[in-house]
2 protein chains.
Amino acid sequence: MAYTSALTALADPTRRAVFERLRRGPVPVGVIAAGLPVSRPAVSQHLRVLKDAGLVCDEAVGARRLYAVDPRGVAELRAWLDRFWDQALDAFKAEVEGKPQPTKRKKSR
Amino acid sequence: MAYTSALTALADPTRRAVFERLRRGPVPVGVIAAGLPVSRPAVSQHLRVLKDAGLVCDEAVGARRLYAVDPRGVAELRAWLDRFWDQALDAFKAEVEGKPQPTKRKKSR
DNA sequence: CTGATGTGTAAGCCATAGCTTACGGTAAGT
DNA sequence: ACTTACCGTAAGCTATGGCTTACACATCAG
(Lines give C-alpha, C1' and ligand atoms only; values in the text may rest on other atoms or scores of the structure.)
Protein backbone atom coordinates (compact mmCIF):
# COMPACT_ATOMS: atom_id res chain seq x y z
CA MET A 1 0.00 0.00 0.00
CA ALA A 2 2.25 2.74 -1.23
CA TYR A 3 -0.62 5.13 -1.83
CA THR A 4 -0.67 5.91 1.89
CA SER A 5 2.82 7.38 1.88
CA ALA A 6 2.02 9.15 -1.39
CA LEU A 7 -0.98 10.87 0.17
CA THR A 8 1.04 11.79 3.24
CA ALA A 9 3.74 13.23 1.01
CA LEU A 10 1.34 15.32 -1.07
CA ALA A 11 -0.34 16.81 1.98
CA ASP A 12 2.27 19.48 2.61
CA PRO A 13 1.90 22.66 0.49
CA THR A 14 5.62 23.17 0.01
CA ARG A 15 6.06 19.56 -1.01
CA ARG A 16 3.22 19.90 -3.49
CA ALA A 17 4.97 22.95 -4.94
CA VAL A 18 8.13 20.91 -5.34
CA PHE A 19 6.23 18.10 -6.97
CA GLU A 20 4.36 20.38 -9.34
CA ARG A 21 7.62 22.02 -10.31
CA LEU A 22 8.89 18.60 -11.36
CA ARG A 23 5.87 18.13 -13.56
CA ARG A 24 7.48 20.15 -16.35
CA GLY A 25 10.56 17.95 -16.43
CA PRO A 26 13.73 16.94 -14.58
CA VAL A 27 15.21 19.69 -12.41
CA PRO A 28 18.20 19.86 -10.05
CA VAL A 29 17.66 20.65 -6.38
CA GLY A 30 19.10 24.16 -6.44
CA VAL A 31 16.75 25.31 -9.17
CA ILE A 32 13.73 24.10 -7.24
CA ALA A 33 14.88 25.85 -4.08
CA ALA A 34 15.49 29.07 -6.02
CA GLY A 35 11.81 29.25 -6.92
CA LEU A 36 10.55 28.62 -3.41
CA PRO A 37 10.58 30.64 -0.16
CA VAL A 38 12.40 27.88 1.73
CA SER A 39 16.04 26.89 2.04
CA ARG A 40 17.74 24.30 -0.12
CA PRO A 41 18.09 21.67 2.63
CA ALA A 42 14.35 21.93 3.15
CA VAL A 43 13.82 21.05 -0.50
CA SER A 44 16.24 18.15 -0.15
CA GLN A 45 14.20 16.79 2.75
CA HIS A 46 10.99 17.17 0.80
CA LEU A 47 12.50 15.34 -2.16
CA ARG A 48 13.58 12.59 0.19
CA VAL A 49 9.98 12.12 1.34
CA LEU A 50 8.65 12.20 -2.22
CA LYS A 51 11.25 9.65 -3.28
CA ASP A 52 10.40 7.31 -0.40
CA ALA A 53 6.77 7.60 -1.43
CA GLY A 54 7.67 6.50 -4.95
CA LEU A 55 6.52 9.76 -6.49
CA VAL A 56 9.89 10.94 -7.79
CA CYS A 57 13.11 9.35 -8.98
CA ASP A 58 16.57 10.89 -9.03
CA GLU A 59 19.61 10.60 -11.23
CA ALA A 60 23.12 11.85 -10.54
CA VAL A 61 24.47 14.02 -13.38
CA GLY A 62 27.96 15.14 -12.53
CA ALA A 63 27.93 17.14 -9.34
CA ARG A 64 24.24 17.80 -9.71
CA ARG A 65 21.28 15.51 -9.14
CA LEU A 66 18.22 15.65 -11.35
CA TYR A 67 14.83 14.84 -9.91
CA ALA A 68 11.83 13.82 -11.99
CA VAL A 69 8.30 12.59 -11.48
CA ASP A 70 7.99 8.82 -11.26
CA PRO A 71 4.88 7.87 -13.25
CA ARG A 72 4.56 4.64 -11.27
CA GLY A 73 3.81 6.48 -8.06
CA VAL A 74 1.18 8.59 -9.77
CA ALA A 75 -0.28 5.43 -11.29
CA GLU A 76 -0.67 3.83 -7.88
CA LEU A 77 -2.47 6.84 -6.54
CA ARG A 78 -4.70 6.92 -9.58
CA ALA A 79 -5.53 3.24 -9.19
CA TRP A 80 -6.55 3.70 -5.57
CA LEU A 81 -8.63 6.73 -6.39
CA ASP A 82 -10.33 5.02 -9.33
CA ARG A 83 -11.24 2.01 -7.22
CA PHE A 84 -12.63 4.40 -4.69
CA TRP A 85 -14.51 6.28 -7.34
CA ASP A 86 -16.29 3.20 -8.66
CA GLN A 87 -17.40 1.93 -5.27
CA ALA A 88 -18.53 5.33 -4.11
CA LEU A 89 -20.55 5.82 -7.27
CA ASP A 90 -22.22 2.45 -6.89
CA ALA A 91 -23.17 3.22 -3.31
CA PHE A 92 -24.43 6.62 -4.36
CA LYS A 93 -26.50 5.21 -7.17
CA ALA A 94 -28.03 2.58 -4.89
CA GLU A 95 -28.86 5.34 -2.45
CA VAL A 96 -30.63 7.43 -5.07
CA GLU A 97 -32.66 4.55 -6.50
CA GLY A 98 -34.60 4.20 -3.28
CA LYS A 99 -32.73 2.85 -0.31
CA PRO A 100 -33.10 -0.93 -0.05
CA GLN A 101 -30.04 -1.66 2.09
CA PRO A 102 -27.29 0.65 3.27
CA THR A 103 -24.49 -1.77 2.49
CA LYS A 104 -25.46 -3.60 -0.60
CA ARG A 105 -23.10 -4.49 -3.37
CA LYS A 106 -24.63 -4.71 -6.77
CA LYS A 107 -21.99 -5.48 -9.29
CA SER A 108 -18.41 -4.45 -9.44
CA ARG A 109 -16.35 -3.95 -12.51
CA MET B 1 -8.26 24.69 -5.77
CA ALA B 2 -10.20 22.30 -3.58
CA TYR B 3 -7.85 19.41 -4.27
CA THR B 4 -5.37 20.90 -1.81
CA SER B 5 -7.69 20.53 1.16
CA ALA B 6 -8.68 17.07 -0.09
CA LEU B 7 -5.06 15.94 -0.10
CA THR B 8 -4.51 17.42 3.34
CA ALA B 9 -7.60 15.61 4.60
CA LEU B 10 -6.57 12.23 3.19
CA ALA B 11 -3.09 12.45 4.67
CA ASP B 12 -4.08 11.30 8.16
CA PRO B 13 -4.34 7.49 8.58
CA THR B 14 -7.35 7.63 10.89
CA ARG B 15 -9.13 9.97 8.53
CA ARG B 16 -8.40 7.63 5.64
CA ALA B 17 -9.91 4.80 7.67
CA VAL B 18 -13.03 6.89 8.22
CA PHE B 19 -13.22 7.75 4.55
CA GLU B 20 -12.72 4.17 3.40
CA ARG B 21 -15.40 3.03 5.82
CA LEU B 22 -17.79 5.41 4.08
CA ARG B 23 -16.95 3.86 0.75
CA ARG B 24 -19.40 1.00 1.36
CA GLY B 25 -22.30 3.37 1.96
CA PRO B 26 -23.80 5.93 4.35
CA VAL B 27 -22.96 5.31 8.00
CA PRO B 28 -23.75 7.17 11.25
CA VAL B 29 -20.94 8.53 13.38
CA GLY B 30 -21.23 6.05 16.20
CA VAL B 31 -20.83 3.06 13.92
CA ILE B 32 -17.66 4.48 12.45
CA ALA B 33 -16.20 5.18 15.87
CA ALA B 34 -17.09 1.66 17.03
CA GLY B 35 -14.80 0.20 14.38
CA LEU B 36 -11.86 2.44 15.15
CA PRO B 37 -9.45 2.73 18.10
CA VAL B 38 -10.33 6.40 18.68
CA SER B 39 -13.13 8.17 20.50
CA ARG B 40 -16.34 9.33 18.90
CA PRO B 41 -15.54 13.06 19.10
CA ALA B 42 -12.33 12.34 17.26
CA VAL B 43 -14.34 10.80 14.44
CA SER B 44 -16.64 13.83 14.45
CA GLN B 45 -13.66 16.11 14.02
CA HIS B 46 -12.31 14.00 11.19
CA LEU B 47 -15.68 14.06 9.47
CA ARG B 48 -15.68 17.80 9.82
CA VAL B 49 -12.38 18.06 8.00
CA LEU B 50 -13.53 15.66 5.28
CA LYS B 51 -16.72 17.65 4.83
CA ASP B 52 -14.86 20.95 4.55
CA ALA B 53 -12.68 19.34 1.91
CA GLY B 54 -15.76 18.38 -0.09
CA LEU B 55 -15.07 14.67 0.24
CA VAL B 56 -18.15 13.74 2.27
CA CYS B 57 -21.69 14.99 2.68
CA ASP B 58 -23.98 14.51 5.66
CA GLU B 59 -27.71 14.10 6.18
CA ALA B 60 -29.66 14.28 9.42
CA VAL B 61 -31.88 11.25 9.94
CA GLY B 62 -33.69 11.56 13.21
CA ALA B 63 -31.27 11.82 16.06
CA ARG B 64 -28.55 10.29 13.96
CA ARG B 65 -26.54 11.78 11.15
CA LEU B 66 -25.53 9.78 8.13
CA TYR B 67 -22.29 10.52 6.37
CA ALA B 68 -21.54 9.47 2.82
CA VAL B 69 -18.82 9.97 0.22
CA ASP B 70 -19.31 13.00 -1.99
CA PRO B 71 -18.40 11.92 -5.53
CA ARG B 72 -17.69 15.52 -6.48
CA GLY B 73 -14.71 15.76 -4.15
CA VAL B 74 -13.29 12.53 -5.49
CA ALA B 75 -13.83 13.82 -9.01
CA GLU B 76 -11.83 16.96 -8.31
CA LEU B 77 -8.97 14.95 -6.96
CA ARG B 78 -9.11 12.66 -9.95
CA ALA B 79 -9.07 15.59 -12.33
CA TRP B 80 -5.99 17.06 -10.70
CA LEU B 81 -4.22 13.73 -10.73
CA ASP B 82 -5.12 13.04 -14.34
CA ARG B 83 -3.83 16.41 -15.45
CA PHE B 84 -0.66 15.64 -13.56
CA TRP B 85 -0.47 12.23 -15.12
CA ASP B 86 -0.65 13.55 -18.66
CA GLN B 87 1.95 16.26 -18.21
CA ALA B 88 4.31 13.93 -16.40
CA LEU B 89 4.06 11.38 -19.17
CA ASP B 90 4.69 14.01 -21.83
CA ALA B 91 7.75 15.26 -20.01
CA PHE B 92 8.93 11.72 -19.58
CA LYS B 93 8.44 10.91 -23.23
CA ALA B 94 10.24 14.04 -24.36
CA GLU B 95 13.06 13.16 -22.03
CA VAL B 96 13.41 9.69 -23.49
CA GLU B 97 13.32 10.85 -27.09
CA GLY B 98 15.56 13.83 -26.58
CA LYS B 99 18.43 12.30 -24.70
CA PRO B 100 20.06 8.90 -25.19
CA GLN B 101 20.24 7.79 -21.54
CA PRO B 102 18.38 10.23 -19.29
CA THR B 103 17.13 7.82 -16.69
CA LYS B 104 17.37 4.09 -16.51
CA ARG B 105 13.86 2.98 -15.85
CA LYS B 106 11.57 0.29 -17.11
CA LYS B 107 7.99 0.68 -18.05
CA SER B 108 5.78 -0.59 -15.23
CA ARG B 109 2.47 -1.15 -16.99
C1' DC C 1 46.26 20.54 -5.60
C1' DT C 2 43.11 24.24 -4.36
C1' DG C 3 38.93 26.53 -4.49
C1' DA C 4 34.18 26.71 -5.84
C1' DT C 5 29.76 24.58 -6.76
C1' DG C 6 26.06 21.29 -5.72
C1' DT C 7 24.04 18.22 -2.59
C1' DG C 8 22.75 15.11 1.53
C1' DT C 9 22.59 14.74 6.64
C1' DA C 10 22.31 15.96 11.78
C1' DA C 11 20.65 18.66 15.63
C1' DG C 12 17.50 21.74 17.41
C1' DC C 13 13.50 24.90 17.60
C1' DC C 14 8.68 25.76 17.21
C1' DA C 15 4.10 25.70 15.20
C1' DT C 16 0.53 22.61 13.87
C1' DA C 17 -2.61 18.87 14.30
C1' DG C 18 -4.80 14.89 16.39
C1' DC C 19 -6.59 12.87 20.68
C1' DT C 20 -9.02 13.06 25.09
C1' DT C 21 -12.37 14.61 28.57
C1' DA C 22 -16.21 17.55 29.57
C1' DC C 23 -20.23 19.90 28.24
C1' DG C 24 -24.52 21.53 25.57
C1' DG C 25 -28.19 20.47 22.44
C1' DT C 26 -31.68 17.75 19.77
C1' DA C 27 -34.58 13.68 18.87
C1' DA C 28 -36.85 9.35 20.15
C1' DG C 29 -38.87 6.24 23.73
C1' DT C 30 -41.65 5.32 27.91
C1' DA D 1 -42.33 15.38 31.13
C1' DC D 2 -38.35 12.68 32.01
C1' DT D 3 -34.85 9.77 30.56
C1' DT D 4 -31.88 7.81 27.26
C1' DA D 5 -29.36 7.88 22.96
C1' DC D 6 -26.69 10.32 19.45
C1' DC D 7 -23.97 14.00 18.01
C1' DG D 8 -21.17 18.51 17.70
C1' DT D 9 -18.08 21.81 20.03
C1' DA D 10 -14.60 23.76 23.35
C1' DA D 11 -10.41 23.49 25.98
C1' DG D 12 -6.16 21.44 26.91
C1' DC D 13 -2.25 18.30 26.37
C1' DT D 14 1.25 15.98 23.65
C1' DA D 15 3.55 14.26 19.68
C1' DT D 16 4.65 14.86 15.03
C1' DG D 17 6.67 17.34 11.30
C1' DG D 18 8.68 21.17 8.70
C1' DC D 19 12.25 24.76 8.78
C1' DT D 20 16.86 26.57 9.81
C1' DT D 21 21.83 26.56 10.65
C1' DA D 22 26.03 23.97 10.60
C1' DC D 23 28.70 20.33 8.85
C1' DA D 24 30.52 16.51 5.61
C1' DC D 25 31.15 14.63 1.00
C1' DA D 26 31.52 14.55 -4.11
C1' DT D 27 32.50 16.81 -8.57
C1' DC D 28 34.34 20.21 -11.80
C1' DA D 29 37.36 24.36 -13.05
C1' DG D 30 41.86 26.60 -12.67
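These numbers were taken from a predicted model, which means no experiment stands behind them. In what follows, every chain begins at residue 1, and chains take the letters A, B, ... in the order their sequences are listed.
Heavy-atom distances under 4.0 Å link DNA chain C to B:Q45, B:H46 of residues 44-54 of chain B, given in residue order.
A 4.0 Å heavy-atom criterion places the boundary nucleotides of DNA chain C facing chain A at C:dG6 to C:dA10, written 5' to 3'.
Between B:L36 and B:V18 there is a side-chain heavy-atom pair separated by less than 4.5 Å. Proximity of B:L66 to B:V27: side-chain heavy atoms (C-beta onward) are nowhere separated by under 4.5 Å. Looking at heavy atoms from C-beta onward, B:I32 lies in side-chain contact with B:L22 at the 4.5 angstrom threshold.
Between A:R16 atom CZ and D:dG18 atom C1' there is a gap of 14 Å when expressed in whole angstrom units. Distance, B:D58 CG to D:dC7 P: 12 Å, rounded to whole Å.
Remark: A:A42 pairs with A:V38, A:S39 by the side chain to side chain contact (heavy atoms under 4.5 Å, CB included) rule, at least two apart or across chains. Residues passing the side-chain hydrogen bond (donor to acceptor under 3.5 Å, both in side chains) test with B:R16, sequence neighbours excluded: none. Shown here are the side chain to side chain contact (heavy atoms under 4.5 Å, CB included) partners of A:A9, two or more places apart in sequence or in another chain: A:R15, A:V49, A:L50, A:A53, A:L55. For A:D12, there are no side-chain hydrogen bond (donor to acceptor under 3.5 Å, both in side chains) partners, not counting sequence neighbours. Partners of A:A11 according to the side chain to side chain contact (heavy atoms under 4.5 Å, CB included) rule, which considers only residues two or more places apart in sequence or in another chain, are B:A11.
Within the structure, no pair that satisfies the ring-ring contact (aromatic ring centres under 6.0 Å, His included) test touches residues 55-76 of chain B, not counting sequence neighbours. Sorted by first and then second residue, the salt bridge (Lys or Arg N to Asp or Glu O under 4.0 Å) pairs involving residues 27-50 of chain A (not counting sequence neighbours) are A:R48-A:D52.
Taken from OG1 in B:T8 to OH in B:Y3, the straight-line distance is 10.5 Å, to the nearest 0.5 Å.
Direction change of the helix axis from one end of the helix from C:dC1-D:dG30 to C:dT30-D:dA1 to the other is 30°, with five pairs defining each end axis (rounded to 10°).
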Polar-atom pairs under 3.5 Å, protein N or O versus N or O of nucleotides 24-29 of chain D: list them with distances, or write none.
none

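Along DNA chain D, the nucleotide nearest to A:P41 and the one nearest to A:R15 differ in position, and the one closer to the 5' end is contacted by A:R15.
At most 12 heavy atoms of other shown residues, nucleotides or ligands fall within 6.0 angstrom of atom CZ in B:R64.
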Under 3.5 Å, which donor-acceptor pairs link side chains of residues 78-85 of chain B to any protein atom two or more places apart or in another chain?
residue, atom, partner, partner atom, Å
B:R78, NH1, A:D82, OD1, 2.5
B:W80, NE1, A:E20, OE2, 3.4
B:D82, OD1, A:R78, NH1, 2.5

